[in-house]
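Accompanying notes for the structure given below.
Positions are given from 1, in the same order as the sequence printed here.
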Amino acid sequence: MNINNQHSAYESEFTLFLKDLKKQKPDLEEKQRQGRALLWDKSSTPLEEQQARLEATVKQQAYVYQNKL
């Protein structure tokens, strides 16, 4: 007896919910990809701009809360 065959017909409530949702809204996955691209997939910064940012940073003192007198 193969365990995989025994339980292959089972689908959880969550799986059924997702399948039903995808049937109701077939463009859902494409909207998710667009949202991800908008928030997370950033284009790489050119090397010249990276170098300019590095040169523009001010070095932080070792102990931030100590005032220089």
Side-chain angles (χ1 to χ4, degrees):
M1 179 167 79
N2 191 350
I3 293 175
N4 292 334
N5 290 337
Q6 183 180 4
H7 298 290
S8 64
Y10 173 76
E11 289 185 336
S12 68
E13 290 180 28
F14 187 72
T15 303
L16 296 173
F17 168 76
L18 285 178
K19 285 183 177 182
D20 187 45
L21 184 64
K22 287 179 182 181
K23 285 180 187 176
Q24 292 175 6
K25 299 179 181 182
D27 61 337
L28 182 65
E29 288 185 39
E30 181 58 33
K31 287 182 179 180
Q32 286 178 323
R33 285 189 199 97
Q34 290 173 356
R36 178 199 158 115
L38 179 67
L39 296 174
W40 297 105
D41 298 340
K42 304 292 182 188
S43 61
S44 61
T45 309
L47 292 177
E48 297 83 20
E49 188 175 329
Q50 289 179 11
Q51 186 64 31
R53 285 183 184 176
L54 284 174
E55 292 171 358
T57 57
V58 177
K59 186 176 179 183
Q60 184 176 5
Q61 60 187 17
Y63 187 67
V64 183
Y65 301 106
Q66 181 178 5
N67 294 333
K68 290 187 176 181
L69 298 176

dist Lys25:NZ -> Lys31:NZ (nearest 0.5 Å) comes out at 7.5 Å
Over all heavy atoms of both residues, which pair between Gln50 and Thr45 is shortest? Give the atoms and the distance, please.
-> NE2-O, 3.0 Å
CD of Glu13: more than 12 outside heavy atoms within 6.0 angstrom?
-> no
Once you round to the nearest 0.5 Å, how far does CZ of Arg36 lie from CD of Gln32?
-> 11.0 Å
Cluster membership besides Leu21, Ile/Leu/Val/Met/Phe/Trp/Tyr side chains within less than 4.5 angstrom, sorted by chain and number, is Phe14, Phe17, Leu18, Leu28
Quick one: list whatever passes salt bridge (Lys or Arg N to Asp or Glu O under 4.0 Å) with Lys59, sequence neighbours left out.
-> none
